[in-house]
Amino acid sequence: MSASAPPVDAGSQDRARRLSETVFRVRELGIVLALLLLIGVTAAIEPRFIHLGSLQDLARNASIYAVMAAGQTLVLVTRNVDLSVGSVLGLSAYISADLLSHGSPMIVAFVLGILVGGACGLLNGFLVTYGRVPALVVTLGTLYAFRGLAFLLTGGAQINAESLPDSFLKIGTGTVLDVPTIAIIALVVVIAVGLALRNFRSGRELYAIGSNEEAARLAGIRTSRRVVAAFVTSGALAGVAGVLFASRFGTVDATAGNGYELTVISAAVVGGVAINGGVGSVYGAALGALLLGCITSALIVLKIDSFWQQAAVGALLLIAIAFDRFIGLRLDAALRQRSAARAA
Amino acid sequence: MSVTTTEIPVLALAGASKSFGAVHALREATLELRAGEVHALMGENGAGKSTLVKMLAGVYRPDEGTVKVDGAAVAFHGPLDARDAGVAIIYQEPTLFPDLSVAENVFMGRQPLASGRRIDRKAMHDQVNELFARLGVELDAERPVRGLSIADQQIVEIAKALSFEARVLIMDEPTAALSGAEVDRLFGVVRTLRERGAALMFISHRLEEVFAICDTVTVMRDGAVTFDGPLAGLTSDDLVRQMVGRDLDALFPKETASVGSQVLKVERLTREGVFTDISFEVRAGEIVALAGLVGAGRSEVARAIFGIDRWDGGSVELLGRPIHNGRPNAAMRAGIGFVPEDRRQQGLVMDLSIARNATMTRTRALAHLGIIRAASERALATEWGTRLQLKYHRLDDPVGRLSGGNQQKVVLAKWLATQPRLLIVDEPTRGIDVGTKAEVHRLISQLAGEGLAVLMISSELPEVLGMADRVLVMHEGRLTGHFTRAEADEERIVRAMSGQTQEVAT
Ligand SMILES: Nc1ncnc2c1ncn2[C@@H]1O[C@H](COP(=O)(O)OP(=O)(O)OP(=O)(O)O)[C@@H](O)[C@H]1O
Ligand SMILES: [Mg+2]
């Protein structure tokens, strides 16, 4: 039929959309600003902070977190959580380093690290979807289980840099045109995951699941399969992070990556990924990882007690959550007013 | 009537039964949808209509009986199978993703693709805009669904169902939240689809809508089909008798109450861009109706009075005492009860029991030394359940298991049980069947008789005319009419609703 559209203030429509778009930009911009501020202030106090070497170090530290945060974002967006990533990192780091120290080629170490991580993710995903156990419980359990497995494998042993091939260690310490190799890898991973999440059906379906799982099922989305895929990806990326960890630090024992999960989840939340699912981007999470890494480095450079680092991360989290809450309420109200204005 | 009537039904249910534990939601129901026909499905709240729909949608599988497509028995293993068979569904409860854009909601899982299987956002937005143009609505395809009014959410649902060339379109109460103009547009689309040879099914509690658009009708009672046949030649009374199993009493049994002292006084209330300069009063024993088109700002005024939204100017007084701006708790304590429009989202906790939901507003009164006694909770819930003819299995079941209309009743019970001084009800009978409608009206009128002041928002003119002592009319955020019961008639109210200011009665 061809009913003529009622005369409507199209401007308010545009404004509503632009408003919500701006908010998300603001979120990521806010982190960039905080980053610049932090670097600026620290550099003012301690100029060595912006020397090439320390900036490179900063990027290297953040890279491992950023790769894991990208995977974590996939899981968080579906309204689940993966607490086991730190342990997965440890497992993958040890297994790949062990292989390399026995003379395996690098590609095998990488692939195996990823496979180990993926398998861990698969287990998580199955327990969550088909076992119907909340992700918090499942991954808390596997956090300990995978760590235990790592201890079992290592038997208390440690792999040192001397036993690893130089070409492998180069990935973690080398640079390409002054940019750390490891940061380039992280960037590629983040962009790839970001594109998948934004431009492909499977990615959008993760948001749908996190936003309203029942509706997703009614829309014909195979929710269990998608959630399992998110966990597998998160595990595989933690596996990648494990290999990167081995090449960056050279020394690997069963405690590698201990406690990383909290940093990674914090990074995602600081970066605007909603713990309630449905909202957030990989880029935000990666920026969050960069900001957290930056805080750590800054406090070290400024010779401030590491206790303060934890306090700073905590404060940052609270600020981010308060900001999201505040903006969310404002946005809700604004959107409602716009629709009301439109309907009137 | 229908243009083409083929012999083999496009989609059919043959002798289908479905039980949830001890509840027989559907008993050997048979129903046939034919191409070029609009088929009405009617029945009281909890009769099993939505259950039947979900069976045709592949959400539930029949315990017994079969689903047939083009005469051949099929097994739908999920919503995807039904969709592949060309069945589009508009569910009773909105099934939207609040965080995603309108366009993504319409096309989730079926987004148009560009090269490399990437989502073609532009094509997606264009197609959605085309759909909205067909529906005659202005909605931004790129804005998030969060914050849309229920009517707009319903439009998105309709667009979703129309977004693929469906052979069968099933609509479970699609008009419950729509205004008259939007219903007309939907019916225009429905007629076009019928002419193109689609089979359609339409569920509504509004008889006039059924007579306006449908060709055939199936009536259900307690999960079983009680009537099936062409609509022509039937009267409303026939249908009601089939649904309820008896003749109905007067639909609007208004009791005359003596009007007492002033309870609510609203003065020059304004919320920027939403409503302006609203002044009125409600007295004890009085039912004041707030009429107007959907989106005129009626619900927003109610929300502001109750403190959910803040107002920017003006004042509200209850029993001579000022009500604070933006404080629902204070409003509640002062004696205001509020039955919101969007009951599922704003009125219920889906996972909690029926009893707990129905008595949630009364926890303090029910508590003994801070502990809620289950027995008194149940007693209160049972009382209101009976008064509202609530159809439930056990009071301990989660409220989400009730049928759509019965969930509405729980919200009503929850607020009626608070014994407020002022009751604000937004669309009291939306989604409620004809039998219980009269019951709700009787209840409200009885409460007013006991001295309660009632502010009732309603889009149904018969309800407004039948119930109200005074009628206020809003248009685009302003009061455009004010009539006493004697002055109020359909023509005057409709004129005020469209913005032609009437003389204000004193
Ligand atoms: N998932 C479920 N678990 C248990 N009982 C259910 C479930 N779904 C529906 N029921 C019950 O089945 C019966 C039929 O419900 P249904 O939703 O089909 O009613 P309806 O005809 O659509 O009513 P309304 O007009 O209120 O929407 C009701 O008694 C309801 O409580
Ligand atoms: Mg229903």
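Per chain, numbering begins at 1; letters A, B, ... match sequence-line order.
Contact detail for B:M108 and A:R204: the closest heavy-atom pair is CE-O, 3.7 Å.
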Candidate pair B:L80 and A:R222, rule side-chain contact (heavy atoms from CB on, under 4.5 Å), full reasoning: CA-CA 9 Å; B:L80 216 54; A:R222 298 182 201 279; 3.3 Å; yes
Residues B:T95, A:E214; criterion side-chain contact (heavy atoms from CB on, under 4.5 Å); working and verdict: CA-CA 7 Å; B:T95 53; A:E214 180 60 25; 5.9 Å; no
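Using a 4.5 Å cut-off between heavy atoms, B:L96 contacts chain A through its backbone alone, with no side-chain atom that close. Contact annotation for B:R191: neither backbone nor side-chain heavy atoms come within less than 4.5 Å of a heavy atom of chain A. At a 4.5 Å heavy-atom cutoff, A:A196 makes no contact with chain B through either its backbone or its side chain. Neither the backbone nor the side chain of B:F107 has a heavy atom closer than 4.5 Å to any heavy atom of chain A.
The candidate with the highest count of non-hydrogen atom pairs below 4.5 Å against chain A, out of B:S101, B:S299, B:P98, B:G78, is B:P98. In terms of heavy-atom pairs under 4.5 angstrom with chain B, the leader among A:L218, A:N212, A:I209 is A:L218.
Side-chain contact between A:N199 and B:R121 is present, with heavy atoms from C-beta onward closer than 4.5 Å.
Expressed to the nearest 0.5 Å, how far CZ of A:F200 lies from CZ of B:R117 amounts to 9.0 Å. In this structure, CD1 on B:I119 lies 8.0 Å from OG on A:S202, to the nearest 0.5 angstrom.
Put simply, the side chain of A:R201 gets close to the backbone of B:Q111: a donor and an acceptor are under 3.5 Å apart. One N or O on the side chain of B:R83 and one on the backbone of A:A219 form a donor-acceptor pair closer than 3.5 Å.
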